[in-house]
Engineer: 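First the structure, which I've put down as structure tokens, then a few questions once you've had a look.
Each chain gets a letter, A, B and so on, in the order its sequence line appears, and its residues count up from 1.
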Amino acid sequence: MGSSLTSNLFVFILAAFLGYEVVRRVSPQLHTPLMSLTNAISAISVVGAITIAGSHRGGVLLMSLGAIAVACAMINVVGGFMITDRMLKMFKKRKDK
Amino acid sequence: MVAAAKTTALHAATTWPHTAHWPWYVTLVYMAAAVMFALSLKWLSSHKTARRGVKIGEIGMAAAILATLFLPEVRQYNWIFAGAVIGAAIGVLLAVLTPMTAVPQQTALSHAFGALAAALVGTAEFYGHHAQLTAGSTAAIGLESLLGYLTFTGSLIAAGKLQEVLPTRPISYPLQNPINLSVLAAAVACGVWMCISPHIVFLYPVFVGLSLLFGVLLIIPIGGGDMPTVIALLNSYAGLSASAMGFVVNNKLLIIAGALEGSSGFILSMIMCQAMNRSFLNVLFGQAANGKSAPADDVYGGKIRTTTAEEVADILASARRVVIVPGYGLAVAQAQHVTGELFELLDSKGVDVQFAIHPVAGRMPGHMNVLLAEADIPYDRLQEMEQINEQFADVDVVIVNGANDVVNPDARDNPGSPIAGMPILNVDKARIVVVIKRSLSPGFAGIANPLFARDNCLMLFADGKKATLDIIQEVKKL
């Protein structure tokens with residue numbers, strides 16, 4: 001855990017900094033889609049849930065916990081990207097007359 | 001001694017965490033996905049590339065999920081498949097059926113789902129490995145569970161308040177802050193005890209219970225007006241809980257994606273706090289702002305001038321520059337589409353119409369922009385506060401619909417006001433201000449608005465949608 005903790009912390013700090021720099025440039029007009037998009041992206045936690053739901057070492061109880069976690073994360077994977085796109089589609093430039 | 005350390009290290013590598021035997025291609029796919037997630041957010045910086053951002057995010061996500069299914073420890077697919085199908089179905093329904101006015105509560109719900117996923121994985125990791133847990137790994141699981149479970153209940157409460165199935169006003173009780181902080185302290189103490197003796201299994205459910213309770217206590221004292229800040233803060237917590245999960249299962253892709261959401265939510269809540277001139281602590285601990293405002297009778301007494309839709313239409317007919325200020329009241333009255341019609345009508349008559357959007361207009365950051373975009377108002381007509389504030393002196397008519405505190409000149413002029421220092425839209429500098437409002441009732445800040453008593457201000461007392469429809473009719477008659 002020791003060395004992986006420090007290297008994980010290293011990655012976390014860099015990613016938080018990257019997030020700060022990237023998100024700062026997002027137009028305030030798009031802050032609602034930004035929130036739903038980041039929410040969809042962090043639903044990558046489905047990956048961790050999959051390893052629990054698919055590993056039979058832990059027995060049925062843990063696999064079912066994993067399956068619920070997969071379901072929760074998949075709601076955000078699918079719903080998050082879809083609603084973000086639905087919102088972005090509505091932003092239109094002035095119609096030419 | 002050395003040999004013993006080696007055996008321990010070997011033991012740890014083969015049992016937990018799992019990454020030691022990942023195939024190289026999974027790591028490569030995860031790396032590519034991390035880059036795609038960062039690009040996805042980067043492309044959101046401009047309207048032109050925003051939808052491309054969603055696409056690349058989806059590709060990264062699909063690739064990472066596929067690669068994970070090939071991991072050697074994933075041996076059984078039926079539980080995964082069942083969970084994925086159910087989750088995807090609910091996700092599609094939520095994304096398609098949620099009306100744009102309800103996006104804030106949908107967002108709060110999705111924070112709850114994301115946090116619950118992280119929390120459940122933490123729970124599974126604890127029970128699946130508690131024989132091998134060290135202080136460090138218990139701490140990571142503890143952090144993941146604490147953040148996950150408190151964000152889960154906190155987001156549910158926030159969603160309930162936004163949907164108005166729970167009371168939107170702050171709920172308070174004696175000794176609120178000491179009680180809340182002792183619940184948090186108890187949870188942390190329990191967590192520390194778990195780290196010292198990971199083998200005492202009964203501590204974990206107590207810890208989870210305290211985390212769930214703290215999430216509820218954290219959000220119930222917060223009022224409806226502070227929801228934009230709170231929802232952004234919960235966004236940040238949801239990200240952090242996903243990141244904590246990355247620490248637990250030793251997956252850097254989760255750490256990165258969670259950190260991106262964590263810092264995004266953090267930035268948004270900072271922006272919301274600045275837009276209300278309040279501090280984080282002030283919002284979280286539900287303190288009412290200090291300062292005194294004049295009683296409504298003194299401010300308004302005999303100085304209110306009312307108007308009619310007909311008169312407003314006359315004024316608009318001779319205007320060249322019009323600015324519309326939409327507030328949350330406009331969304332409540334479902335007036336965004338008729339406002340779009342009014343825009344089209346005035347635009348076709350050659351009037352320059354802009355929309356002035358205060359950062360906290362609506363129930364979450366950027367909400368008002370989405371509502372107006374849905375009403376087919378072109379986004380280049382939507383102006384941010386800083387851009388439009390310098391221009392109000394050149395504006396003929398301002399129509400304020402459903403906004404109150406964000407146009408209260410007291411925030412700028414009266415240092416003793418409870419909202420002193422809050423950035424506002426300087427609509428009082430325009431030639432004529434028309435305020436559409438049901439009555440003189442105060443906004444979230446609960447104070448009188450001297451704007452309504454100004455000489456250049458006309459009040460149109462009506463429902464936001466009906467008033468806009470009436471104005472459209474009268475303009476058409478001209």
Engineer: Would you mind checking which part of A/I52 comes under 4.5 Å of any heavy atom in chain B, side chain (CB onward), backbone (N, CA, C, O), both or neither?
Structural biologist: side chain

Engineer: If we define contacts as heavy-atom pairs under 4.5 Å, which of A/Y20, A/F81, A/F12 has the most with chain B?
Structural biologist: A/F81

Engineer: Flag the one option from A/E21, A/K89, A/R25, A/R24 with the top tally of heavy-atom pairs under 4.5 Å to chain B.
Structural biologist: A/K89

Engineer: Against chain B, work out which of A/I41, A/L18, A/V70, A/L30 has the most heavy-atom pairs shorter than 4.5 Å and name it.
Structural biologist: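 Counting heavy-atom pairs under 4.5 Å, the top option is A/I41.
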
Engineer: Quick check on B/L66 against chain A: is it the side chain, the backbone, both or neither that has a heavy atom closer than 4.5 Å?
Structural biologist: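 Neither part.
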
Engineer: Among B/V103, B/T123, B/L268, which has the most heavy-atom pairs under 4.5 Å with chain A?
Structural biologist: B/L268

Engineer: Sort out for me which of B/H367, B/K42, B/M368, B/M364 touches chain A most, counting heavy-atom pairs under 4.5 Å.
Structural biologist: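 Answer, by heavy-atom pair count under 4.5 Å with chain A: B/M364.
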
Engineer: Examine whether an atom of A/I13 lies under 4.5 Å from a heavy atom of chain B, and if so say whether it belongs to the side chain, the backbone or both; otherwise answer neither.
Structural biologist: neither

Engineer: Looking at chain B, which one of A/G19, A/A71, A/A15 has the largest number of heavy-atom pairs inside 4.5 Å, strictly under?
Structural biologist: A/A71

Engineer: Give the member of A/H31, A/Q29, A/M82 that has the highest number of heavy-atom pairs under 4.5 Å with chain B.
Structural biologist: A/Q29

Engineer: Below 4.5 Å from any heavy atom of chain B, which atoms of A/V77 appear? Answer side chain, backbone, both or neither.
Structural biologist: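 Just its side chain gets close to chain B.
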
Engineer: Between A/N76 and chain B, with a heavy-atom cut-off of 4.5 Å, which part of the residue counts as in contact: side chain, backbone, both or neither?
Structural biologist: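 Only the side chain of A/N76 comes within 4.5 Å of chain B.
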
Engineer: Hey, are A/K93 and B/D380 close enough for a salt bridge, meaning a charged N less than 4.0 Å from a carboxylate O?
Structural biologist: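 Looking at A/K93 and B/D380, the cut-off is not met.
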
Engineer: Would you list the atom pairs, donor with acceptor, under 3.5 Å between side chains in residues 77-86 of chain B and any protein atom, with sequence neighbours excluded?
Structural biologist:
| unit_1 | atom_1 | unit_2 | atom_2 | d |
| --- | --- | --- | --- | --- |
| B/Y77 | OH | B/L69 | O | 2.6 |

Engineer: Pick one of side chain, backbone, both or neither for B/A118, based on which atoms fall under 4.5 Å of a heavy atom in chain A.
Structural biologist: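 When you check distances to chain A, no heavy atom of B/A118 falls under 4.5 Å.
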
Engineer: For A/S36, is it the side chain, the backbone, both, or neither that has a heavy atom closer than 4.5 Å to a heavy atom of chain B?
Structural biologist: neither

